[in-house]
Amino acid sequence: MSEEKSLNFLEEIIETDLAGRKYDSIVTRFPPEPNGYLHMGHATSICLNFGLTKKYPGYTNLRFDDTNPVTEDTEFVESIKEDIKWLGFEWKHELYASDYFDTMYEYAVTLINKGLAYVEDATAEEIAKLKGTPTEPGKNSAARSRLVAENLDLFTRMKNGEFADGTKTLRAKIDMAHTNMLMRDPLIYRIKHAHHHRTGNKWCIYPMYDFAHGQSDSIENITHSICTLEFIPHRELYNWFIDKLEIYPSHQYEFARRNLSYTVMSKRKLKQLVEEKHVAGWDDPRMPTISGMRRRGFTPQSIRTFCDKVGIAKRENIIDFSLLEFCLREDLNNTALRAMAVLDPLKLIISNYENGKTEELQSENGPDEAYGTRTIPFSKELWIEREDFMEVPAKKWFRFAPGASVRLKSAYILRCDTFDKDENGKVTAIHCTYFPESKSGSDTSGIAVKGTIHWVSAAHAATAQVNMYDRLFKVENPSSEDGDFKDYINPDSLHVVQAYIEPSLLKATPTDRFQFLRKGYFCLDKESTPEHIIFNRTVTLKDAWMAGKKNTNE
RNA sequence: UGGGUUAUGGUGUAACGGUAGCACAACAGAUUUUGAUUCUGUUUGUCUAGGUUCGAACCCUGGUAACCCAACCA
């Protein structure tokens with residue numbers, strides 16, 4: 001029985017187009033400007049554009065929208081390509097808007113010849129002044145009535161570098177009184193004597209977004225050009241150019257960008273976080289960038305599942321971060337290797353265990369038998385988690401307390417007898433008795449315990465730095481709060497500890513994902529070395545005990 | 001005082017004039033050598049006021065709210 005999943009509005013449009021034979025196959029594109037790193041918002045667009053051509057016949061291009069030489073760089077081109085590949089998508093053609101600069105120039109000349117474009121010599125301020133406001137119409141500038149021949153001459157000279165930056169522009173001649181501000185004679189070319197990362201110094205005039213994006217779509221025969229809601233007003237202009245230029249009619253469709261709670265998603269804000277050192281860099285594991293999430297330990301699958309579950313529509317939204325975490329845990333639960341690590345150690349001494357003796361115990365590596373087992377050493381002195389002992393047990397406490405018995409995972413059942421304290425009242429060690437016949441896998445003790453905890457043999461443990469990350473902001477929507485969004489940064493978003501890890505973890509590789517039993521999912525940080533091992537906590541496990549405790553405290 | 005877009009549980013998304021469904025979250029229970037996973041169940045919703053209709057989340061009219069538009073950025 002196949003589960004009927006309803007279509008989103010874009011899929012409906014496409015199915016209608018395909019059914020009506022408007023197209024036999026579709027072409028979409030992912031069009032980043034190479035001026036920064038990709039983030040979760042881009043991931044939505046990537047999953048959407050590439051996902052559509054996975055579902056329907058057709059393909060997706062990667063096109064760099066590189067029409068502003070002063071902000072763009074090949075460094076970003078490379079990181080963008082890496083991120084898309086990591087997410088698991090393949091583009092058909094790698095293209096650049098700058099590949100079309102000659103064609104775009106010809107298009108501009110066509111417009112001039114049709115009397116639909118003119119060279120403006122007013123300054124930016126003067127142009128803005130004549131533009132009017134959303135409620136008042138604009139006024140025609142003097143240059144608007146220039147003759148075709150003069151415009152042609154001036155535009156050629158612009159291209160030839162005869163004019164300084166900002167002294168001339170080319171504008172489309174539409175309607176200065178139009179209710180859509182974008183239709184009030186928009187700029188289509190500006191002068192920038194700047195080095196372009198691909199075309200070098202060949203050009204000193206560059207097309208604006210509105211005279212580059214739709215034209216590139218058209219040149220590539222993009223059937224469905226998908227962008228975010230704020231481009232809705234641009235659609236009218238997009239169509240106007242296609243109509244006047246009589247070129248392939250691509251169509252623009254808009255969807256609402258996805259926002260995630262407890263983070264920010266604008267390039268500008270992310271840049272501030274990096275430049276003002278609130279985070280360690282673009283790939284800081286707390287960043288919602290693809291590179292940050294990759295370093296944090298997110299899987300591509302979890303991000304794709306998330307985008308799929310969230311769906312696509314046209315309304316404002318803030319998606320619960322917990323949905324992303326759910327997708328992450330779901331994937332990791334099925335794939336992560338199991339291991340034991342103690343993050344906040346407390347010494348446990350087994351009074352009746354022989355001094356110097358070591359046992360080799362077997363423990364499961366993964367969620368099912370296919371992953372096999374590994375050997376873990378057991379001895380008289382162990383590390384357990386400090387939070388697994390309570391001097392005065394709480395109600396429904398399953399773990400260690402004086403007189404309480406607990407199973408050590410894959411090992412024995414132990415009873416806590418006494419504990420030591422230092423002069424500050426801090427517990428320094430607990431002393432236990434173990435039951436030899438309760439050995440895991442061959443338990444004949446008949447003892448039933450409620451709790452099972454993780455542990456590491458003190459004599460065999462390795463040490464590692466563990467970075468425990470939490471949400472970057474204290475509030476759901478930092479951008480909508482009063483004041484600066486940076487006022488809402490969570491000061492405890494990173495907690496670094498020295499942990500004791502089981503010896504098998506020494507063999508961890510950068511691609512491994514681990515579940516440290518009862519503590520969460522972890523992966524090796526890119527800066528980890530054999531001498532100085534560093535793990536990043538990707539996400540915690542769900543914790544019904546802590547959740548319950550929080551509720552009773554409140 | 002203009003134009004555009006959108007309103008469905010706490011969150012996201014379906015229902016295309018005919019039973020308001022799904023997922024996350026929350027809560028409760030069962031299983032569990034991870035208080036995880038898994039399984040079962042519960043709570044919570046059509047912005048508002050009218051109208052059309054046997055029947056309206058959906059169609060019509062009037063409100064209301066949110067977001068976008070006045071960069072030589074994309």
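Just so we're on the same page: letters track the sequence lines, and every chain starts at 1.
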Tell me what A:Gly441 touches on the nucleic acid: a base, only sugar-phosphate, or nothing, going by heavy atoms under 4.0 Å. base
Judged by nearest nucleotide, the residue sitting upstream toward the 5' end of RNA chain B, A:Asn8 or A:Arg518, is A:Asn8
Of the candidates B:C73, B:C24, B:U1, the side chain of A:Glu33 sits closest to B:C73
Do A:Asp331 and A:Gln301 have side-chain atoms, one donor and one acceptor, less than 3.5 Å apart? no
May I have the distance from A:Ile226 (atom CD1) to B:A74 (atom C1'), rounded to whole angstrom? 18 Å
Given pairs defined as Watson-Crick or G-U wobble with both distances under 3.5 Å, what dot-bracket annotation applies to RNA chain B, with ( ) intrastrand, [ ] crossing, | other strand and . unpaired? .((((((..((((....[..)))).(((((.......)))))....(((((..]....))))))))))).....
Under 4.0 Å, counting only non-hydrogen atoms across every strand here, what does A:Ile232 touch: a base, just sugar-phosphate, or nothing? sugar-phosphate
Between atom CZ in A:Arg407 and atom P in B:G35, what is the gap in whole Å? 13 Å
Is it true that A:Glu75 and A:Tyr37 share a donor-acceptor pair across their side chains at a distance under 3.5 Å? yes
Span that lies between the P atom of B:A26 and that of B:U64, in whole angstrom: 38 Å
Would you check, one step at a time, whether the test salt bridge (Lys or Arg N to Asp or Glu O under 4.0 Å) holds for A:Arg63 with A:Asp99? CA-CA 10 Å; A:Arg63 183 177 71 237; A:Asp99 293 342; over 6 Å; no
Answer yes if the side chains of A:Glu120 and A:Ser141 hold a donor-acceptor pair under 3.5 Å, and no otherwise. yes
Would you mind classifying the nucleic acid contact of A:Lys314 as base, sugar-phosphate or nothing, using non-hydrogen atoms under 4.0 angstrom? sugar-phosphate
Rounding to the closest angstrom, what is the interatomic distance between B:C72 and B:C24 at atom C1'? 46 Å
Rounded to whole Å, the NE2-C1' distance (A:His454 to B:G35) equals 13 Å
If you measure only the distance, is there a donor-acceptor pair under 3.5 Å linking the side chains of A:His454 and A:Arg338? no
Can any side-chain N or O of A:Thr228 pair as donor or acceptor with the backbone N or O of A:Arg257 at less than 3.5 Å? no
A:Arg315 vs B:U5: side-chain N/O to OP1/OP2 distance below 4.0 Å: no
Working for side chain to side chain contact (heavy atoms under 4.5 Å, CB included), residues A:Ile453 and A:Phe400: CA-CA 9 Å; A:Ile453 66 168; A:Phe400 278 125; 3.7 Å; yes
I'd like the C1' distance from B:A36 over to B:U32, given in whole Å. 9 Å
Please state the C1' separation for the pair B:G10 and B:G45 - nearest whole angstrom. 11 Å
A:Gln515 near the nucleic acid: base, sugar-phosphate alone, or nothing, with a heavy-atom cut-off under 4.0 Å? base
OP1 or OP2 of B:U13 sitting under 4.0 Å from any side-chain N/O of A:Arg258? yes
Nearest listed nucleotide, side chain of A:Ser440, among B:U33, B:U37, B:G4: B:U33
Of the nucleotides B:A23, B:G35, B:U37, which has the atom closest to the A:Lys396 side chain? B:G35
May I ask you to say what A:Ser261 touches in the nucleic acid, namely base, sugar-phosphate or nothing, with a heavy-atom cut-off under 4.0 Å? nothing
Test the A:Lys168-A:Phe163 pair against the cation-pi criterion, namely NZ or CZ under 6.0 angstrom from the six-membered ring centroid and within 45° of the ring axis. yes
Reading 5' to 3' through nucleotides 65-72 of chain B, protein heavy-atom contacts under 4.0 Å coded B for base, S for sugar-phosphate only, - for none: --SSSB-B
Rounded to the nearest Å, what distance is computed from the CD atom of residue A:Glu330 to the P atom of nucleotide B:C24? 8 Å
Which part of the nucleic acid does A:Phe326 contact within heavy-atom distance under 4.0 Å: base, sugar-phosphate only, or nothing? sugar-phosphate
According to a strict under-4.0 Å criterion, is A:Arg338 in side-chain N/O contact with OP1 or OP2 of B:A36? no
In whole angstroms, how far is the C1' atom of B:G12 from the CE atom of A:Met40? 13 Å
Nearest-Å distance for atom pair NZ/P, residues A:Lys450 and B:A36: 12 Å
Expressed as a whole number of Å, how far does the P atom of B:C67 sit from that of B:G18? 34 Å
Is it true that the side chains of A:Ser45 and A:Asn49 contain a donor and an acceptor less than 3.5 Å apart? yes
Would you find a donor on one side and an acceptor on the other, under 3.5 Å apart, between the side chain of A:Asp175 and the backbone of A:Arg184? no
Rounded to whole Å, OH of A:Tyr262 lies from P of B:C24 at a distance of 19 Å
Candidate nucleotides B:U5, B:G35, B:U13, ranked by approach to the side chain of A:Ala313 - the nearest: B:U13
Contact class for A:Leu517 vs. all strands (heavy atom < 4.0 Å): base, sugar-phosphate, or nothing? base
Whole-Å C1' distance, B:A56 and B:G51: 11 Å
Are the side chain of A:Asp368 and the backbone N or O of A:Ala370 linked by a donor-acceptor pair below 3.5 Å? yes
For the C1' atoms, the ones on B:C60 and on B:A25, what distance do you get once it is rounded to whole angstrom? 38 Å
Using the closest heavy atom to pick a nucleotide of RNA chain B for each, name whichever of A:Val310 or A:Tyr521 lands nearer the 5' end. A:Val310
Please answer whether B:G35 and A:Trp545 are stacked, defined here as ring centres separated by less than 5.5 Å and planes angled under 30°. yes
What is the distance from CD1 of A:Ile318 to P of B:A25, rounded to the nearest Å? 19 Å
Which of these nucleotides, B:G4, B:C24, B:C73, is closest to any side-chain atom of A:Asn68? B:C73
What integer number of Å spans the C1' atoms of B:U43 and B:A28? 10 Å
Using atom types as modelled and distance alone, determine if a side-chain donor or acceptor of A:Trp397 lies under 3.5 Å from a backbone N or O of A:Arg399. yes
